[in-house]
Structures are given as structure tokens and as C-alpha cells.
Amino acid sequence: MDDQLVIAGKAYGSRLLVGTGKYKDFDETAQALDASGAEIVTVAIRRVNLGQDPNSPSLLDALPKNRYTLLPNTAGCYSADDAIRTLRLARELLDDHRLVKLEVLGDPTNLFPNVKETLKAAEVLVAEGFDVMVYTSDDPIIARELEDIGCCAIMPLASLIGSGMGILNPWNLQLIIEQSKVPVLVDAGVGTASDAAIAMELGCDGVLMNTAIAAAREPVRMAHAMKLAVEAGRAAYLAGRMPKRFYSATPSSPREGVISSRS
Amino acid sequence: MLSITLNGEARQFAEVATIADLIGALELAGKRLAVERNGEIVPKSRHALEALHDGDALEVVVAVGGG
């Protein structure tokens, strides 16, 4: 079965992308990543903790070398300028790494994206040669503008970051999926396996999640559940679901030959 | 004495002339990190060559867990 996700010219076997935040420790992070089957994992870029023991382990040391494609993000940035600076630092940190996740937030409570700043940052980053996977609202007009700028993947939210509320507007997601020529990935809002399956059944090319796995009671088991859900949802999408028939039942068994006391 | 702003905090260092010296003084030598000085990236290959000046604003960042 050759069904690969191609992002910025590179093919991936897994359609589940996962974050590395909020785990109990690096050991749990590594185990959950392994169970998820993910090939692309997000990392955040932060000021080095100057008070910290210099011998304490770092995330990059804790992950198996060269197994994952790292996807540095701009989480926590509220302006195009901060996001651009953060990703320039990421490119330097990761030795001229080009694949990045752009997110520019607009509100510290609901973490909704600021699409004006996102568009501004995307223009600059694409011009500088970054491969930009962009977190955005589920507005199809903004999604199209981001694609026209040259973003390599459009990543609309399913619901608020870290909320686990699931897919609130499948209709908008479908509009974006139908119009886009680059991959569309649901990023943010997935709460459990069925949410991921629904996203894939809608025709999403992939799903990116963090909290749904890290905040589960058993993160490693949930990571495995998400792997299965994304695979199942993708297979169902490719298989093509039966049409819905409203208020009209059709039996699966033959109507003829039923034993009866009436004849 | 060198007076700089490091990750948003005013800091002073003795015997620090270059970015490589600063990384050494912070006990971060050999770590995967990136440096920005006054808004411009300083590539790793230039850490030992770039002299620091009073008033420079530096950002030193690493990768951490995130979604």
C-alpha cells in the first residue's frame, strides 16, 4: 500500500504528527513518540535556562538521533516579528533546517491564531526559503491566501489548542480540504481517537496533536490509539464510505425465505 | 567588565571577549543552541570570531518540548 504523505517534497509513511510538550519526563516523551509511529515531531524554541544544571539532559539528547524529522514551532509568539526571529534561530539551531511550523497567536486565553500576523510572517519566511507548515483558523479564505503565499501545508484548528473539544466545524474543514492543493492537517483540538479518525475520514492529509496524548491518563497507550485512529480514518476515506440514507433502512440479509407461521 | 543583555536580563561578565567565551562562561559549551545578537543570527562557525561589546543584546535558545 503506497499511500504516503508528501510535505515539501519529502514522503512520510505516517500521517500522525505529534508534539513533545507536557510529558512527565523525557523517557515518557520518547515512549509516546515511539508508540505513535510519528515521523515528524514538533519542538519549541526557548531561551536557555541560565540557572539550570548544565549537565541536565536536553530534549534533543533524549530523542533517538536522526529518527524524527523535527518541526520547530513558534508557539507563544504573538507577532510576525517574534515568529520570524524564532524560526531563524531554529534554522541555525538545527543546522539549516527548513521545515517549520508557523503559529502566531492572538489571545492568551483562547490561543486563537492572529491571521493577519500569520500572513505577514508567512510571506517573509517563504521568501527566506523556509518550508512553512502553517497553523491557522478554519477560514477557507485565509487558508487559500496562505497557500497562495507558498506555505507547504495548511493546518487549520479543529478546536482550541489543548482543549480536546474535537472537530467543531467539519464543514469548514471540508471546504479547505476541497480547495487546497497542498496537504491539509488538522492541528489543535483533537481530544481522543475518534476525533482523529473523523479528521482523516473528512479527507485531511494528516493530524497534528500534543495534549490529547500527553494529557491522557496513559499517554503511551493513547499514542498507540491515535496511530490506529489515523490509519483507520485514512483507510476509510480511501475506501469511500457508503452513502447515508436518512430514515430509510435496508436489511443486510435477504428478504426472501424467512420462515413464517403465516404461510 | 562586559555589560550585556542576555535573554532579557542585564548581565556582567569578566574575561568574556567573544560569543564562544560567553557560551563557555555559561557552561553551555558543546550544547545544541543558537545565538542571536542585536536581532541578527550569529552562525556557530562565527562564535569564536564575533567580539561582544557593551550594550549588546543576546538571545541564547535551545529546543524544548512543545506542540
Side-chain angles (χ1 to χ4, degrees), chain A residues 17-23 25-26 28-29 33 41-56 58-63 70-76 81 84-97 101 103 135 161-162 187-188 208-214, chain B:
Chain A
L17 287 66
V18 300
T20 54
K22 299 188 186 174
Y23 288 98
D25 51 36
F26 288 145
E28 188 182 71
T29 312
L33 263 48
V41 304
T42 63
V43 298
I45 304 298
R46 288 290 178 271
R47 285 170 165 170
V48 65
N49 189 346
L50 294 169
Q52 192 179 294
D53 171 7
N55 295 316
S56 63
S58 74
L59 174 69
L60 295 184
D61 295 335
L63 299 180
L70 297 177
L71 184 65
N73 70 23
T74 60
D81 283 349
I84 293 163
R85 280 175 70 196
T86 299
L87 292 178
R88 285 175 181 155
L89 280 162
R91 183 162 160 174
E92 160 65 13
L93 174 67
L94 300 174
D95 306 312
D96 202 32
H97 179 92
K101 170 179 161 181
E103 65 176 281
Y135 169 65
I161 293 174
D187 180 2
L208 197 168
M209 66 179 76
N210 190 152
T211 309
I213 296 173
Chain B
M1 195 67 93
L2 176 76
S3 296
I4 60 171
T5 303
L6 175 60
N7 289 356
E9 288 177 29
R11 296 282 297 261
Q12 294 200 315
F13 293 90
E15 298 181 23
V16 164
T18 65
I19 288 174
D21 293 342
L22 175 69
I23 291 169
L26 297 170
E27 298 185 63
L28 295 172
K31 301 274 176 196
R32 278 191 99 173
L33 49 76
V35 179
E36 179 199 75
R37 191 223 344 231
N38 303 331
E40 301 286 335
I41 300 293
V42 182
K44 289 174 198 69
S45 59
R46 296 201 55 82
H47 287 182
L49 307 171
E50 292 286 336
L52 289 169
H53 304 287
D54 280 332
D56 278 351
L58 283 110
E59 296 285 350
V60 181
V61 303
V62 294
V64 302

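If you're wondering where the values come from, they're calculated on a predicted model, not measured in any experiment. Throughout, a chain's letter reflects where its sequence line sits, starting with A, and its residues are numbered from 1.
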Using heavy-atom distances under 4.5 Å, tell me whether [X] contacts chain B through its side chain, its backbone, both, or neither.
X      : result
A:L50  : side chain
A:K101 : side chain
A:L94  : both

Taking side chain as C-beta onward, heavy atoms only, is [X] less than 4.5 Å from [Y]?
X     : Y     : answer
A:E92 : B:P43 : yes
A:L59 : B:V64 : no
A:R88 : B:E36 : no
B:V61 : A:R46 : no
A:V48 : B:K31 : no

Between [options], which shows the greatest number of heavy-atom pairs under 4.5 Å with chain B?
options                      : result
A:D95, A:L71, A:D187, A:I161 : A:D95
A:D81, A:T211, A:L63, A:L60  : A:L60
A:A188, A:A44, A:G21, A:G19  : A:A44
A:R85, A:M209, A:E103        : A:R85

Problem - Residue B:K44 versus chain A: region with a heavy atom under 4.5 Å - result: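 Backbone plus side chain of B:K44, per the 4.5 Å heavy-atom cut-off to chain A.
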
To the nearest 0.5 Å, how far apart are [atom1] in [X] and [atom2] in [Y]?
X     : Y     : atom1 : atom2 : result
B:L28 : A:N49 : CG    : CG    : 10.0 Å
A:R47 : B:L33 : CZ    : CG    : 14.5 Å
A:L89 : B:I41 : CG    : CD1   : 3.5 Å

